[in-house]
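For the single chain, residues carry numbers from 1 onward in sequence order. Values reported hereafter were calculated over all heavy atoms of this structure, with side chains retained and with hydrogens, waters and symmetry mates removed.
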Amino acid sequence: TGIGITFNQKIKAGTGNITIRETNASGAVVENFGIGSSVTISGNSLTFTPTSSLGGRRVYYVELPSGVITNMAGDSYVGTAYTFSTAAGTPQLWVWGSQDYDNSVKTGILGLNDVVSRSSPVQLPGTTWEKLGTAFDYAGHVSHMAAIKTDGTLWTWGSNYQGSLGQNQQHDIKTSSPAQVGSDTTWASVSTNFGGTAAIKTDGTLWSWGYGGWVGWLGENNRVNRSSPIQVPGFSGASTGDGKITVGNRNWMAVKTNGELWVCGNNNEGFLGVNSTITYSSPVQIPGTNWNTVLSRSSYWSMGGKTDGTLWVWGGGVGGSGRTGDNGAGANHRSSPAQVPGTDWVTDKGGYYGTASCIAAIKTDGTLWTWGSGSQGQTAQNDEVQRSSPIQVGTDTNWNKIGGGGSHFIATKTNGTLWVWGNNDSGNDGKGSLGLNNMIEYSSPIQLGTDIVWTSDQIAGGGMQSYVMLEAAP
């Protein structure tokens, strides 16, 4: 769609370019338009059309320097500028990576109605996707995925191990395209991991299903498997925003509207953060009342963000791998939250993410920082060195959202571009997990494609899969 500007008198072309920038006068240049070639003038109006789609829900700055247009007498207009906002675009969900679960079993985890792995992004059919489930991996693999549509319905696909799809089917069923969970239209957020799923409804209730037989992590104070959603007894007041629910390795964690953080299930190596290693089959609270978001990993560790801009890490091996970010000052295992240095972290969903052994986080100034294991280039420092305290990635100050998979990261910038780095393996099928149509490991961020429509905060990944939402041009 073209961009038009109307003046109070007839105009004609001068010399120079009209420029679109991001956000304001100091924003990055999106495109230049030559006044004599790319701009159409008719009477008192001019129009020009960007060659690439602009992202939805974005602010742009149009710069008209002095002399670029004149009135009919040839008098130059004083330089001027305008800002405009784009409408919300059409949501699309794009996926890529491996369809293998354990390098032999095909699960249809990408949701494309087949079991073929993809080495570059492919759109999952539908234009009403709204929220992705956080899909964390177990032993480098993910078994199933979930997402919520704009009408509040919940959809799952992949392996139904112990009923984790919530479809009330036998546990060995595999579904390679999204299938609706029941008929409810009040789902607000969801998270998955190997063998289980947990989700929050708009009324603040928490529901779980899947493999409850090992540690009773479903929160019912028993060890029963469930193949359809069941409400966690006595739990209410869950926050319905993004990043408020996470499923780890047979446990879940959820933030309430009052800022409390509650956990349940497997507590190996202090995984739950309640200053013990006792497993709980009903919810218990982590101290504090200003929690904002939470993220749990299958490799027995977790992290969360508070409303005061602080990040916290706890669980197995977080000290030894440098994930606490405190330069190795504490113990290897932490059974209660340990603060990462700094109070200016973005703690909303997409502000931070952890792979199996590395963390990447964005600060309020738009800079990106990493720490932990760099064995597969995850720290984005162009090496494979472990960092035990946060180190800045490059000098850019326009990082927007961060997510990823088992050992790779996916990030967006405020200009709508998409970036990836880290492990690019995908098992035995010869398809990379970074979406770059190769299997090369990257130890610094590399742009995926040239589109500038990756403006959503919905980024998820499994062990070797990636799921990212974009907003097509409105």
Asp114 (side chain) donor-acceptor with Val116 (main chain) under 3.5 angstrom: yes
Donor-acceptor contact present, side-chain Trp301 to main-chain Gly354, <3.5 Å: no
Residues forming a salt bridge (charged side-chain N to carboxylate O under 4.0 Å, His left out) with Arg58, sequence neighbours excluded: none
For Tyr211, ring pair (Phe, Tyr, Trp, His ring centres under 6.0 Å) partners two or more places apart: Tyr161
Residues in side-chain hydrogen bond (donor to acceptor under 3.5 Å, both in side chains) contact with Trp94, at least two apart in sequence or another chain: Gln92
Short side-chain to backbone donor-acceptor contact, Asn424 and Ser433, under 3.5 Å: yes
Check: Ala147 main-chain N/O paired with Tyr467 side-chain donor or acceptor under 3.5 Å: no
Side-chain heavy atoms of Trp252 within contact of Val263, under 4.5 Å: no
Test item: Gln392 side-chain N/O and Gly394 main-chain N/O as donor-acceptor pair under 3.5 Å: yes
Distance in Å, Asn249 CG paired with Asn267 CG, rounded so as to fall on 0.5 Å steps: 12.0 Å
Test side-chain contact (heavy atoms from CB on, under 4.5 Å) applied to Thr364 - qualifying residues, sequence neighbours left out: Asp344, Val346
Side-chain heavy atoms of Pro390 within contact of Trp345, under 4.5 Å: yes
Thr343: side-chain contact (heavy atoms from CB on, under 4.5 Å) partners, not counting sequence neighbours: Thr310, Gln339
Check: Lys306 main-chain N/O paired with Thr347 side-chain donor or acceptor under 3.5 Å: yes
Sub-4.5 Å side-chain heavy-atom contact between Ile286 and Trp291: yes
Counterpart residues, side-chain contact (heavy atoms from CB on, under 4.5 Å), relative to Ile278 (two or more places apart): Ser276, Tyr280
Non-neighbouring partners of Ser282 that pass side-chain hydrogen bond (donor to acceptor under 3.5 Å, both in side chains), sequence neighbours left out: none
Heavy-atom donor-acceptor pair, Glu441 side chain to Gly422 backbone, under 3.5 Å: no
Lys349 side chain to Gln458 side chain, donor-acceptor N/O pair below 3.5 angstrom: yes
Test log, rule side-chain contact (heavy atoms from CB on, under 4.5 Å), inputs Val190 and Leu154: CA-CA 8 Å; Val190 63; Leu154 175 62; 4.1 Å; yes
Over all atoms of both residues, closest heavy-atom pair of Thr379 and Ser373: CG2-O, 3.7 Å
Heavy-atom donor-acceptor pair, Ser98 side chain to Met464 backbone, under 3.5 Å: no
Heavy-atom side-chain proximity of Glu260 to Val255 below 4.5 angstrom: no
Distance under 6.0 Å and angle within 45° of ring axis: Lys256 vs Phe235: yes
Residues Ser296 and Ser302: side-chain donor-acceptor under 3.5 angstrom: yes
Derivation of the salt bridge (charged side-chain N to carboxylate O under 4.0 Å, His left out) call for Glu220 and Arg226: CA-CA 11 Å; Glu220 300 179 80; Arg226 302 289 184 180; 2.9 Å; yes
Under 3.5 Å: donor-acceptor pair, side chain of Glu384, backbone of Gly377: no
Stepwise side-chain contact (heavy atoms from CB on, under 4.5 Å) check, Ser176 with Trp157: CA-CA 6 Å; Ser176 61; Trp157 60 94; over 6 Å; no
Step-by-step side-chain hydrogen bond (donor to acceptor under 3.5 Å, both in side chains) determination, Trp207 to Thr205: CA-CA 7 Å; Trp207 299 69; Thr205 56; 2.8 Å; yes
Flag for Asn168-Ser227: side-chain donor and acceptor within less than 3.5 Å: yes
Student check: side-chain heavy atoms of Pro121 and Trp96 closer than 4.5 Å: yes
Atom pair CG (Asn292) and OG (Ser239), whose distance is rounded to the nearest 0.5 Å: 8.0 Å
Nearest non-hydrogen partners of Trp217 and Gly196, listed with the distance: CZ2-CA, 3.4 Å
Polar side chain donor-acceptor pair, His333 to Thr277, under 3.5 angstrom: no
side-chain hydrogen bond (donor to acceptor under 3.5 Å, both in side chains) partners of Asn225, counting only residues at least two apart: Gln162
Nearest non-hydrogen partners of Ile391 and Gln381, listed with the distance: CG2-NE2, 3.4 Å
Leu124 side chain near Pro178 side chain, heavy-atom distance below 4.5 Å: yes
Which residues share a side-chain hydrogen bond (donor to acceptor under 3.5 Å, both in side chains) with Ser335, sequence neighbours left out: Asn275
Ring pair (Phe, Tyr, Trp, His ring centres under 6.0 Å) partners of Trp421, counting only residues at least two apart: Phe409
Heavy-atom side-chain contact between Trp262 and Met253 under 4.5 Å: no
Where at least one partner belongs to residues 409-418, residue pairs that pass side-chain hydrogen bond (donor to acceptor under 3.5 Å, both in side chains), sequence neighbours excluded: Asp396-Lys413, Asn415-Thr417, Thr417-Trp419
Value rounded to 0.5 Å, distance of CG in Asp457 from CG in Asp348: 9.0 Å
Residue pair Asn398 / Glu22, side-chain donor-acceptor N/O under 3.5 Å: no
Separation of Leu418 CG from Ser466 OG (nearest 0.5 Å): 9.0 Å
Taking every non-hydrogen atom, the tightest pair across Gly305 and Leu311: CA-CD2, 4.0 Å
Approximate separation, where rounding is to 0.5 Å, of Asn251 CG and Leu218 CG: 11.5 Å
Residues in side-chain contact (heavy atoms from CB on, under 4.5 Å) contact with Ser443, at least two apart in sequence or another chain: Asn382
Sidechain-backbone polar pair: Arg250 side chain, Val215 backbone, donor-acceptor under 3.5 Å: no
Donor on one side chain, acceptor on other, Thr397 and Asp365, under 3.5 Å: no
Heavy-atom pair of closest approach, residues Trp155 and Gln180: CE3-N, 3.2 Å
Inter-residue atom distance Asn160.CG - Gln167.CD, 0.5 Å rounding: 7.5 Å
Nearest atoms (heavy-atom pairs only) where Asp383 meets Val385: OD1-N, 3.2 Å
Test item: side-chain donor near acceptor, Thr197 and His144, under 3.5 Å: yes
